[in-house]
Amino acid sequence: MPELAEVEYVRRRWNPGLGHPVATVRLHPRAGVFKTTDPALLAKHLPGARLDSSEAAAKQMLFRLTAADRARTPLWLGIHLGMTGELTVRPAGLPDEKRDHLILDQPAARQSLVFSDFRMFGRIQFHAGPDAPAWWTEIAPAVTSPAFTLEAVSTFLRRRARAPLKAVLLMQEQFPGIGNWMADEILWRAALHPARRCGDLSPVEVKKLHAETVWVAREALRLIGAADTPEWPDPPKTWLFQHRWEDGGLCPRTKQPLERATIGGRTTCWSPARQKLS
DNA sequence: TCCTATGTTGTATG
DNA sequence: ACATACAACATAGG
């Protein structure tokens with residue numbers, strides 16, 4: 001159930017595979033996961049390829065490999081985790097499990113890299129060739145990058161003046177990697193009600209929204225994305241995150257009750273004492 | 001049984 | 001054409 005920081009955490013699960021060749025590939029192409037990719041391409045190019053590096057952008061991961069062919073073709077393996085996708089490393093020689101979709105066997109390193117996803121909202125993308133594929137290059141600039149400007153946010157909100165803030169924070173073309181919990185966290189910190197219309201914000205409020213988006217993303221990447229624990233850690237008790245699902249949960253700042261409702265099509269949690277509608 | 005779930009997308013409507 | 005809303009996807013667990 002990953003957003004940008006959890007995706008960064010999960011990306012690093014396959015680090016033990018870096019620098020090692022993939023001897024064999026086990027594919028279980030099920031419709032959803034391979035919706036945009038022909039599994040035959042993976043079967044053709046991946047055997048013998050070496051895993052060179054990986055990176056994450058938004059909720060997408062990229063694994064770069066070099067094919068074993070004469071041209072040393074660069075390979076681009078993209079994985080999106082959807083709601084329930086996982087990456088793991090297993091000891092070599094274990095049988096496939098029911099929810100596995102892609103297994104990269106690295107017998108020389110006595111291990112296999114596994115992508116599994118029981119709910120199958122995840123996606124595998126693949127490209128062979130020197131140039132980065134569109135599914136990678138067209139991801140919007142990170143909210144932690146200089147390209148994520150106040151001006152861009154302001155323009156985006158004006159364009160969607162009648163939509164609720166919560167819905168717009170989930171739009172990946174401007175807020176790549178932000179998901180349900182981060183959107184709520186950002187709005188809570190910015191003291192903005194999730195149902196506020198984007199066009200109604202004052203310049204000061206837009207500035208606050210922009211700044212808190214950057215802050216939450218940075219902190220989440222530091223606390224969760226860079227963690228070296230067997231499971232990804234949750235943010236501290238001072239964040240809304242820890243209280244949003246509690247029955248009778250209290251706002252960590254005001255100590256007043258939190259509220260929950262569906263806004264922008266998703267369950268949303270906010271602190272009425274600090275996030276007002278008008 | 002019914003409802004929910006940290007995601008995306010196709011389709012309908014305005 | 002563009003913005004907005006929502007069902008659909010597939011599965012498990014409360």
Side-chain angles (χ1 to χ4, degrees), chain A residues 1-11 28-37 56-61 78-87 97-101 115-125 134-136 138-140 143 155-189 194-200 213 216-217 219-221 223-225 227 231-236 239-247 249 258 260-270:
Chain A
M1 303 169 271
E3 303 179 20
L4 89 181
E6 293 89 358
V7 169
E8 171 61 12
Y9 173 91
V10 171
R11 175 188 70 81
H28 300 284
R30 298 226 254 160
V33 175
F34 280 90
K35 193 177 189 171
T36 55
T37 303
K59 299 172 193 172
Q60 176 83 34
M61 295 174 288
I79 298 180
H80 192 299
L81 297 168
M83 291 277 269
T84 53
E86 295 182 339
L87 298 190
E97 290 178 19
K98 191 180 177 91
R99 313 303 182 187
D100 297 347
H101 302 293
F115 166 55
S116 50
D117 179 13
F118 71 82
R119 219 167 139 188
M120 297 197 287
F121 288 170
R123 288 278 184 283
I124 289 182
Q125 313 260 33
W135 52 258
W136 182 250
E138 285 174 3
I139 296 171
V143 300
T155 303
F156 194 80
L157 295 186
R158 236 179 291 127
R159 192 91 173 254
R160 294 174 176 70
R162 301 188 55 79
L165 275 176
K166 174 61 184 280
V168 168
L169 271 174
L170 296 174
M171 294 181 178
Q172 300 298 294
E173 67 263 40
Q174 179 61 38
F175 300 96
I178 303 300
N180 205 29
W181 81 255
M182 291 184 82
D184 284 358
E185 198 75 42
I186 290 162
L187 292 169
W188 174 73
R189 289 194 58 94
R196 286 279 299 279
R197 303 288 137 174
C198 291
D200 296 343
T213 301
V216 168
E219 281 297 287
L221 282 167
L223 297 169
I224 300 169
E231 304 283 333
W232 72 58
D234 287 340
W239 291 38
L240 176 66
F241 181 96
Q242 294 270 354
H243 311 274
R244 52 186 281 117
W245 295 125
E246 288 172 359
D247 269 334
L258 296 168
R260 279 199 295 268
T262 299
I263 300 176
R266 306 293 299 279
T267 299
T268 299
C269 177
W270 73 96

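Note that the coordinates shown come from a computational prediction; the quantities given were computed from them, not determined experimentally. Just so we're on the same page: letters track the sequence lines, and every chain starts at 1. The figures here come from the full heavy-atom set of this structure, side chains too, leaving out hydrogens, waters and symmetry mates.
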Nucleotide [N], atom [atom2] - distance to [atom1] of [X] in whole Å:
| X | N | atom1 | atom2 | value |
| --- | --- | --- | --- | --- |
| E6(A) | dA5(B) | CD | C1' | 14 Å |
| L81(A) | dG7(B) | CG | C1' | 11 Å |
| L4(A) | dT8(B) | CG | P | 11 Å |
| R260(A) | dC3(B) | CZ | P | 17 Å |

Integer angstrom distance from the [atom1] of [N] to that of [M]:
| N | M | atom1 | result |
| --- | --- | --- | --- |
| dA7(C) | dC3(B) | P | 13 Å |
| dT4(B) | dC6(C) | P | 14 Å |
| dA8(C) | dC2(B) | P | 16 Å |

Q | All stems with DNA chain C, defined as three or more consecutive Watson-Crick or G-U pairs under 3.5 Å | A | B:2-5 with C:11-14, B:7-14 with C:2-9

Using OP1 and OP2 only, check whether a side-chain N or O of [X] sits under 4.0 Å from [N].
| X | N | value |
| --- | --- | --- |
| T84(A) | dA5(B) | no |
| R123(A) | dT8(B) | no |
| K59(A) | dT6(B) | no |
| H80(A) | dG7(B) | no |

Q. With sugar-phosphate meaning primed atoms plus P, OP1 and OP2, does A161(A) contact a base, only sugar-phosphate, or nothing at under 4.0 Å between heavy atoms?
A. sugar-phosphate

**Q.** Touch class at under 4.0 angstrom, heavy-atom based, for G32(A) against every strand present
**A.** nothing

Q) First and last nucleotide of DNA chain C in contact with chain A, 5' to 3', at under 4.0 Å to a heavy atom: what are they? A) dA3(C) to dA12(C)

Q. Judged by modelled atom types alone, do W232(A) and E8(A) share a side-chain donor-acceptor pair under 3.5 Å?
A. no

Q. Can you name the side-chain contact (heavy atoms from CB on, under 4.5 Å) partners of R99(A), sequence neighbours left out?
A. R30(A), S116(A), F118(A)

